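Step one of this worksheet: look at the structure below.
Computed from a prediction, not measured in an experiment: that's the story for all the values here. Values below: every heavy atom of this structure, side chains too, minus hydrogens, waters and symmetry copies.
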Number of protein chains: 2
Amino acid sequence: MISKTCGYAIRGVIFLALENNINKRIGIQEIAEELKVPQQFMGKILQELVRKDILKSTKGPHGGFYVNDSILDLSLIRIVEAIDGLGVLKKCFLGREECSSENPCPMHDEFEVCRSSIFETFQSKNIRYFVEHIEDGTTFLAT
Amino acid sequence: MISKTCGYAIRGVIFLALENNINKRIGIQEIAEELKVPQQFMGKILQELVRKDILKSTKGPHGGFYVNDSILDLSLIRIVEAIDGLGVLKKCFLGREECSSENPCPMHDEFEVCRSSIFETFQSKNIRYFVEHIEDGTTFLAT
DNA sequence: AGAATAAAAGACCCTTATATCTTTATATTT
DNA sequence: AAATATAAAGATATAAGGGTCTTTTATTCT
């Protein structure tokens, strides 16, 4: 559905939002260790999110990645859009070039339900929602 | 979700089931043209399905791939199993190594609904179901 | 038997996703 | 100012998925 890269990106952003204290920067090493993901690869992904204005970063000692409180209002769909593009949520389940309700593949209707429920989640849930569930202890970021 | 390869496989099997007359064999060229998929690649996929005893084939003039009526009772999950393996339906949405209802990622519950609905479709619907919808003209195999 | 036909099989190639390594730029500390 | 820590940037490596090409094998027709 979404790429592994995009999953890492989402987990990274939620992690930064969780740790968000005023002006606190978190190094890529700590992020990668906490989330149990490859450090350099995570670095590239977070850099991309900086370029897309979803995160901020500073170099030098005590540098690192950080977010400000407005991140809590960001809807997940913005991260998916930045990493995979929205097209990832529209591809035909059976690999046809074109697939739509007017010209559906055999799985189209069944899958459309899922597709739109995932899309609705990405659209309507913001980072705050996910942060709260992590703080609750009802969901987990690291394996 | 499932691989493109697996989507081609499903479309190929449904196509053969549609065209199934006694002892009729269909060449890979015709199959690929009808479904608008790469011929050689489709050949490899159908060969794999022959090895997995889902299809049959014969070489030589008037050879080709074919199925018998029992194909209509095959559930789609058997094709997914043969090509991608059932693991493809169990992967964590956010790319964690382990993800379960006891140790859920932030998207786990939302995605579980989709996952199980897709699984249920694959499990419960047989080829006959899809063949009927194609014959109806309500769904389409080729783009 | 020989020619023609069609799938099987395997080697190979291209693209994308995933991941790592190296160098550079920048900020902080001393 | 110099040393140091740290991320940015970009080149490179690896693996998997997707796709093509060539040779072999089996079948049928003449």
Side-chain angles (χ1 to χ4, degrees), chain A residues 1-12 16 23-33 35-67 80 82-85 87-88 91-92 94-97, chain B residues 1-12 16 23-33 35-67 80 82-85 87-88 91-92 94-97:
Chain A
M1 176 80 91
I2 63 174
S3 69
K4 203 166 183 179
T5 302
C6 191
Y8 286 176
I10 290 173
R11 288 164 64 199
L16 286 168
N23 285 336
K24 182 172 179 187
R25 286 99 201 261
I26 306 183
I28 183 58
Q29 188 176 339
E30 180 181 350
I31 298 172
E33 275 173 12
L35 297 184
K36 310 271 197 307
V37 296
Q39 174 174 336
Q40 313 263 34
F41 187 40
M42 195 59 168
K44 302 220 74 165
I45 297 169
L46 297 184
Q47 283 161 32
E48 181 64 24
L49 292 175
V50 169
R51 274 191 289 276
K52 295 280 173 63
D53 289 322
I54 291 174
L55 303 179
K56 296 201 184 308
S57 67
T58 57
K59 300 180 176 181
H62 305 127
F65 295 91
Y66 62 102
V67 293
V80 176
I83 301 294
D84 282 343
V88 79
K91 287 190 295 191
C92 171
L94 295 184
R96 299 194 320 154
E97 295 292 333
Chain B
M1 177 80 92
I2 62 174
S3 68
K4 203 166 183 180
T5 302
C6 190
Y8 286 175
I10 291 172
R11 289 163 64 199
L16 285 168
N23 284 336
K24 183 173 179 187
R25 285 98 201 264
I26 306 183
I28 184 58
Q29 189 176 340
E30 180 181 350
I31 298 172
E33 275 174 10
L35 298 183
K36 310 274 196 304
V37 297
Q39 174 175 336
Q40 312 263 36
F41 187 40
M42 194 59 169
K44 301 215 74 165
I45 297 169
L46 297 184
Q47 283 161 32
E48 180 64 23
L49 292 176
V50 169
R51 274 191 289 276
K52 295 280 172 62
D53 289 322
I54 292 174
L55 303 179
K56 296 201 185 307
S57 68
T58 57
K59 300 180 176 181
H62 305 127
F65 295 90
Y66 62 101
V67 293
V80 176
I83 301 294
D84 282 343
V88 78
K91 286 189 296 194
C92 170
L94 295 184
R96 298 195 321 154
E97 295 292 332

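With rounding to whole Å, A/Q39 atom CD is found 14 Å from D/dA5 atom C1'. Per the geometry, CD1 belonging to B/I28 stands 15 Å off C1' belonging to C/dT5, to the nearest Å. Summarising the geometry, the separation between NZ on A/K44 and P on D/dT12 is reported as 12 Å, rounded to the nearest angstrom. Look at NZ on B/K4: it is 11 Å from P on C/dA17, rounded to the nearest Å. The CG-P distance, from B/L94 to C/dT18, rounds to 13 Å in whole Å. For the pair A/R25 CZ and C/dT28 C1', the computed distance is 11 Å after rounding to whole Å. When the P atom of C/dA19 is taken as reference, atom CD of A/Q40 falls 12 Å away, rounded to whole Å. Atom CG of A/L49 and atom C1' of D/dA7 are 15 Å apart (whole Å).
Using a 4.5 Å heavy-atom threshold, the side chains of A/L46 and A/Y8 count as separate. Between B/I54 and B/V67, the closest side-chain pair of non-hydrogen atoms is not below 4.5 Å. Between A/V37 and A/I45, every side-chain heavy-atom pair lies at or beyond the 4.5 Å cut-off. Counting heavy atoms from C-beta outward, A/E33 and A/Q29 have side chains that approach closer than 4.5 Å. Side-chain contact between A/L16 and A/I31 is present, with heavy atoms from C-beta onward closer than 4.5 Å.
The side chain of B/Q47 places an N or O atom within less than 4.0 Å of a non-bridging phosphate oxygen (OP1 or OP2) of C/dA8. Within the 4.0 Å cut-off from OP1 or OP2 of D/dA8, not a single side-chain nitrogen or oxygen of A/R51 is found. Regarding contacts with the backbone of D/dC29, a side-chain N or O of B/H62 is found under 4.0 angstrom from either OP1 or OP2. For C/dA27, neither phosphate oxygen OP1 nor OP2 lies less than 4.0 angstrom from any side-chain nitrogen or oxygen of A/T58. Phosphate contact (OP1/OP2 of D/dA8, side-chain N/O of A/S57, threshold under 4.0 Å): present. Applying the 4.0 Å criterion to OP1 and OP2 of D/dG18, one finds that B/Y8 has every side-chain N and O outside that range.
Residue A/G43 is classed as having no contact, given no heavy-atom separation below 4.0 Å to the nucleic acid.
Between B/Q29 and A/T5, the residue anchored nearer the 5' end of DNA chain C, judged by the nucleotide with its closest heavy atom, is B/Q29. For the pair A/P61 and A/L46, both in contact range of DNA chain D, the more 5′-proximal nearest nucleotide belongs to A/P61.
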